[in-house]
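Data first, discussion second: the structure below is written as structure tokens.
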Amino acid sequence: MNDEQAAPALAADPAWWRQAAVYQIYPRSFADGTGDGIGDLRGIISRIPYLQELGIDAVWLSPFYPSALADGGYDVDDYRDVDPRIGTLEEFDEMATALHTAGIRLIVDIVPNHTSDRHRWFQEALAAGRGSRARERYIFREGRGENGELPPADWESIFGGPAWTQVEDGQWYLHLFATEQPDLNWKDADVHEDFLHTLRFWSDRGVDGFRIDVAHGLAKDLGEQLPSAAELAELPQDGTHPLWDRDEVHEIYAEWRRVFDEYTPPRIAVAEAWVGSPERRAPYASATGLGQAFSFDLLEADFAAADFRSIVSDNLAQSGTTGSSSTWVFSNHDVVRHATRYGLPPRAGRPGKQGADWILDGGREDGIDKELGLRRARAATLFELALPGSAYLYQGEELGLHEVAEIPDEQRQDPAFLRTTPETRSSDGLGRDGCRVPLPWTREGSSFGFGTDGAHLPQPAWFAGFSVEAEEDDPTSTLEMYRRALHLRRELQGAESLVWDEELSGEDVLAFERPGGWLNVTNFGSEPVELPAGEVLVASTELGGAGVEAAGATRTLPGAATVWLRR
Ligand code: NOJ
């Protein structure tokens with residue numbers, strides 16, 4: 001089976017993904033082509049020239065499937081269709097072809113840990129009743145207590161609130177996320193068959209790869225006697241935990257790999273697996289499994305030279321053992337945008353800049369130094385784009401967008417906000433809506449050019465200054481920095497290796513060289529540092545020092561900044 005639809009611009013290079021710059025589109029918030037306030041495929045098609053100019057290699061599309069949007073589309077009703085508010089299958093094909101013609105690959109999101117409660121299987125399971133074949137596709141249990149009136153266990157869902165919900169006939173089902181997201185039972189043969197069908201369905205339509213949601217959650221072994229939440233929290237995540245990162249999950253991905261390899265070039269996959277260590281991440285990235293896995297290590301780190309260095313070294317060593325390439329991420333649709341994160345004041349009790357709570361912290365205005373945050377974010381991004389491996393970018397970060405904190409509670413959509421109360425929420429945890437606000441394309445106009453009829457989440461007035469229109473052609477803008485760096489990267493990217501420049505590196509400075517004399521220098525501190533000779537390729541801020549233009553003159557790199565030199 002080989003339906004390679006790629007235009008001539010895309011050679012059938014099986015290694016295309018190894019050092020790709022992948023741009024995540026959150027479809028509902030990217031561009032609205034139909035004027036209903038919700039982003040859609042027509043909007044994406046209309047912005048392909050923008051993506052091409054940006055210089056990315058692939059798009060990762062977050063879920064666009066029919067969904068009630070209980071969790072922004074990660075509650076899927078039908079894995080082999082397009083939500084009518086977002087488009088049609090014909091438009092999907094048109095988009096895939098247009099992206100390929102523009103030299104851009106396409107990765108789609110697969111959500112195999114849970115379906116939505118509107119999925120035909122779950123509806124069937126509800127109707128069929130206890131003990132039925134249909135219920136075996138999910139995780140149903142009898143309750144505790146005299147009449148089964150208590151949940152089978154006191155577990156809390158990831159979004160807060162109970163992880164078990166009772167159905168009409170008295171049984172309970174497990175949902176590790178929202179109530180509307182019943183967990184599938186991956187011991188069931190139908191579940192296996194159906195996902196193989198889905199992978200082929202999209203691969204046949206020319207999709208180049210898949211991002212696998214909650215990849216570490218599929219295999220579960222609950223046993224008869226369920227542990228309590230407290231007991232569960234104590235269990236090691238070493239491959240034997242009842243819920244997370246069980247060793248046998250890789251049998252599923254070996255099965256998927258055989259499907260990926262039916263295609264030319266093989267379809268690729270990247271695991272979203274929040275596991276305990278780089279060692280536990282490795283099997284997800286193996287060539288007999290999904291092939292690549294997100295590393296969130298940089299995303300979770302402080303903006304600090306020593307932390308960045310050890311993370312980079314560890315990750316490169318890790319990919320050496322798996323044969324995969326390294327991945328780097330600073331922002332996505334689940335976390336506070338990095339321009340805001342890096343401006344947060346240090347907070348007591350926060351491990352680094354990010355603890356589990358902090359991920360869902362909506363980035364309130366109080367005490368955030370937005371200017372410093374953006375300055376560091378730009379420096380971090382250039383550092384990232386110089387690293388060997390894949391860079392995963394999130395829509396809007398190329399504009400230097402900050403988290404939007406000023407969304408009224410009644411307009412928030414995230415179940416992580418809706419399922420908690422001010423009492424149970426972390427002090428300022430506002431959920432993830434703040435990084436999902438529709439993009440500003442123009443300075444003015446209805447929804448800053450997002451569409452013609454408003455936006456499904458309110459955009460703040462300051463979006464005008466961060467719009468594509470405002471930043472385009474401004475050589476100092478974040479957009480132009482991304483464009484320049486992404487184009488240069490394509491040209492410069494060689495072997496997947498780097499050598500630390502020990503002479504330049506220090507307590508606050510990290511310098512490394514890629515093959516071909518491509519030198520990255522990042523200053524994490526606040527004092528300027530002297531730069532070596534070399535052609536300046538791109539910088540995250542204006543360089544200092546006398547006679548910057550004059551060859552051989554002393555140039556300095558200010559604090560919180562990165563420069564690429566060719567020497
Ligand atoms: C991870 C996704 O990135 C997130 O947005 C979603 O809420 C959960 N998985 C559940 O599907």
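The shown structure was predicted, so the numbers you read here are calculated from the model rather than taken from an experiment. Counting starts at 1 for both ligands and their atoms, in listed order.
- Ring centers of Phe92 and Trp202: under 6.0 Å apart, within the cut-off.
- Between Glu397 and Arg337 there is no salt bridge, since no side-chain N of the basic residue sits under 4.0 Å from a carboxylate O of the acidic one.
- Ionic pairing of Lys187 and Asp221 is present here: one or more N-O contacts between side-chain nitrogen and carboxylate oxygen are shorter than 4.0 angstrom.
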Can you pull every nitrogen or oxygen pair between ligand 1 and the protein closer than 3.5 angstrom?
unit_1, atom_1, unit_2, atom_2, d
ligand 1, 3 (O), Arg211, NH2, 3.0
ligand 1, 3 (O), His333, NE2, 2.8
ligand 1, 3 (O), Asp334, OD2, 2.5
ligand 1, 5 (O), His333, NE2, 2.9
ligand 1, 5 (O), Asp334, OD1, 2.7
ligand 1, 5 (O), Arg432, NH1, 3.4
ligand 1, 7 (O), Asp71, OD1, 3.2
ligand 1, 7 (O), Asp71, OD2, 2.6
ligand 1, 7 (O), Arg432, NH1, 3.0
ligand 1, 9 (N), Asp213, OD1, 2.8
ligand 1, 9 (N), Asp213, OD2, 3.2
ligand 1, 11 (O), His114, NE2, 3.0
ligand 1, 11 (O), Asp213, OD2, 2.7

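- No cation-pi contact links Arg419 to Phe159, judged by a cut-off of 6.0 Å to the six-membered ring centre and 45° from its axis.
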- prompt: Please walk me through it: do Phe30 and Trp441 pass ring pair (Phe, Tyr, Trp, His ring centres under 6.0 Å)?
  reply: CA-CA 9 Å; Phe30 183 67; Trp441 293 90; 5.3 Å; yes
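- One finds no salt bridge joining Arg42 and Asp40 here, because no Lys/Arg side-chain nitrogen approaches an Asp/Glu carboxylate oxygen to under 4.0 Å.
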